[in-house]
Amino acid sequence: MDIGATNIRVAVGDERSLKAKRSEATDRLNGPEGVPRQIARMIRSLGAEPKAVGIGSIGPLDVKRGAIGATPNFAFKHIPIVAPLEEELGVPVMIVNDCSAAVVGEHLYGAGRGLDNLFYVTMSTGLGGGAIVDGHALNGKDGNAPEIGHLTVDPDSELVCGCGCSGHWEAHCSGANIPKFARVLLRNRDLEGGQLLKMVGGDLGKLTSEMVFDAARKRDRDALYVVGEIGKVNAVGFADIVNAFDPELITIGGSVALNNPELILEPIKNGVDQHLINRKPDIKLTPLGADVVLYGGLAVAGKLSRASA
C-alpha cells in the first residue's frame, strides 16, 4: 500500500504484478487510529487474503515502533500502523518510507532493472527521495534516508516548510507549497491582463499549483516565470542528489511531475549541469507512473512472505 497525506492506495498482487487496486482520500477525521482501520477495510474490500503487507508511507517514520511520526503534511503526530494491522489481519506487516519503497519498486519492476545505483524522486503534495547505492537500498537509522525534500536550497528564504524550517526544497517546489512560492515571486510584478490573475479573480490567496501549471501551458507570462523559477530550484536539488549519491539513473514520480512532465522535467535537464561535479545521469519520469510506490510495497510484501514461509 501507499500511504499519502492526501490519498491512501491499496493493491493486491503476486511477485510479478499488481492485480487489483483501490484508492481513497486519507482519513483525517477519526484520529490516528482511523488510518489503520481504513487500510484494513480497504484490503478487505478487494477480497484479498494477504500473506504479507508491505507499506510505503509518508514520513518521517518511526520504523522501530512501526508508526508514522510528526509528518509535515498531516495533522496527527503519531500514527501506529504495523501493530494494529498485524493484529487485525494476522500477517506480517512492514512499513518503509514511500520513496524508499518506490526506488525498490523501480529497481525490480521499472526503469532501474539491472542498475546498482538508482535514485527516485517524488514531486507531489510533499517532496522526497529514495536511493539504491552499490545495489543496497538506503534506509537510515530511523528509516528516513534520504529525506531530500528537507535539503536547504535557500537559507535566506522567507518560505517556511511544513516541518518548521526555512528554505527547504519542499517549501519551494512541492504541490502544497508552490502557491506560496508563486505569491512571493509575483509580489512585485504587474499581473494585470494575465491569465493567473483572471483564474483567481484578482486574489492570489486562491492560487493553486494546478492553476500555475495550467496557465503555463496556455503560455501565460507570469505562470511561465513561476515555472521557470521552480525549475531553477529543482535543478539545484537534482544536482545535490547527483553530487551526493552518484546515481546512474534518476526517475521522477508524484502528481506534480506526472501531470506536468515537460514543465517539470525540461527545466531540470536544462539547468542541472551548471551545478554538477559528478557525471550527469539519465533523468526521466518513472514508467510505473502513480503505481511506483505500490510496486515497492509489493516487493516488500514479497520479501516478508518468503521470510515467513
Side-chain angles (χ1 to χ4, degrees), residues 2 15-18 54 56 59 96-124 126-141 143-153 169-170 173-174 230-258 260-300 302-303:
D2 176 1
E15 291 187 349
R16 293 176 296 278
S17 64
L18 302 174
V96 298
N97 180 275
D98 54 356
C99 290
S100 295
V103 78
V104 172
E106 193 78 83
H107 187 243
L108 292 178
Y109 300 101
R113 283 176 289 186
L115 301 181
D116 285 335
N117 294 281
L118 171 67
F119 206 97
Y120 171 80
V121 176
T122 185
M123 308 185 78
S124 189
L127 199 156
I132 291 176
V133 178
D134 296 337
H136 301 284
L138 303 186
N139 291 308
K141 68 184 190 309
N144 296 309
E147 192 61 270
I148 57 160
H150 301 282
L151 291 173
T152 299
V153 293
W169 187 4
E170 182 171 302
C173 299
S174 70
I230 291 169
K232 290 179 183 178
V233 177
N234 282 337
V236 170
F238 274 74
D240 287 345
I241 291 169
V242 176
N243 292 335
F245 297 96
D246 197 20
E248 301 164 76
L249 169 69
I250 301 176
T251 61
I252 311 171
S255 58
V256 171
L258 295 176
N260 308 284
E262 292 183 4
L263 294 172
I264 290 295
L265 195 57
E266 292 310 310
I268 293 169
K269 287 184 173 181
N270 293 335
V272 70
D273 295 86
Q274 61 185 299
H275 306 290
L276 290 180
I277 296 295
N278 289 333
R279 179 166 54 88
K280 182 178 179 180
D282 191 13
I283 301 173
K284 61 185 178 183
L285 295 180
T286 173
L288 300 178
D291 290 339
V292 62
V293 177
L294 291 177
Y295 275 102
L298 182 63
V300 171
K303 182 178 180 180

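We number each residue from 1, following the sequence as shown.
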Report the distance from atom CG of Leu298 to atom NZ of Lys303, rounding to the nearest 0.5 Å.
14.0 Å
Thr251 to Ala111 - nearest heavy-atom pair and separation
CG2-CB, 4.1 Å
Just by distance, do the side chain of Glu248 and the backbone of Asn117 share a donor-acceptor pair under 3.5 Å?
yes
Got a sec, which pairs hit ring-ring contact (aromatic ring centres under 6.0 Å, His included) with one end in residues 274-294, sequence neighbours left out?
none
Residue pair Pro287 / Glu106, side-chain heavy-atom distance below 4.5 Å
yes
Donor-acceptor pair, Asn243 side chain versus Ile277 backbone, under 3.5 Å?
yes
So, applying side-chain contact (heavy atoms from CB on, under 4.5 Å) with Tyr295, which one of Leu108, Val300, Leu288 is it?
Leu288
Are the side chains of Ser100 and Asn139 in contact, using a 4.5 Å heavy-atom criterion?
yes
Taking all non-hydrogen atoms of both residues into account, name the closest pair between Met123 and Phe238 and its distance.
SD-CE1, 4.4 Å
What pairs with Asp282 under side chain to side chain contact (heavy atoms under 4.5 Å, CB included), at least two apart in sequence or on another chain?
Leu249, Lys284
Check whether any side-chain heavy atom of Asn234 sits under 4.5 Å from a side-chain heavy atom of Trp169, and report yes or no.
yes
Using a 3.5 Å distance criterion without hydrogens, assess whether the side chain of Asn278 forms a donor-acceptor pair with backbone atoms of Val242.
yes
With sequence neighbours excluded, residues passing side chain to side chain contact (heavy atoms under 4.5 Å, CB included) with Asp240:
Leu151, Val236
Heavy-atom closest pair, residues Gly231 and Pro267:
CA-CB, 3.6 Å
Judged by atom type as modelled, is there a donor-acceptor pair below 3.5 Å linking the side chain of Glu170 to the main-chain atoms of His150?
no
Which value, rounded to the nearest 0.5 Å, describes the distance between Ile252 atom CD1 and Ser124 atom OG?
13.5 Å
All salt bridge (charged side-chain N to carboxylate O under 4.0 Å, His left out) counterparts of Lys269, not counting sequence neighbours
none
To the nearest 0.5 Å, what is the distance between CG (Leu127) and SG (Cys99)?
8.0 Å
Salt bridge (charged side-chain N to carboxylate O under 4.0 Å, His left out) partners for Asp2, two or more places apart:
none
In Å and rounded to the nearest 0.5 Å, what is the CD1 to CD1 distance from Ile148 to Ile241?
3.5 Å
Once rounded to the nearest 0.5 Å, what's the spacing between atom CD1 of Ile264 and atom CG of Leu258?
10.5 Å
Once you round to the nearest 0.5 Å, how far does NE2 of His107 lie from CG of Leu118?
7.0 Å
Is there side-chain contact between Phe119 and Pro146, with at least one heavy-atom pair below 4.5 Å?
yes
Could you tell me which residues satisfy salt bridge (charged side-chain N to carboxylate O under 4.0 Å, His left out) with Asp246, sequence neighbours excluded, listed by chain and number?
none
Check Thr286 against Gly253 and note the closest heavy-atom contact, atom names and distance.
CG2-CA, 3.9 Å
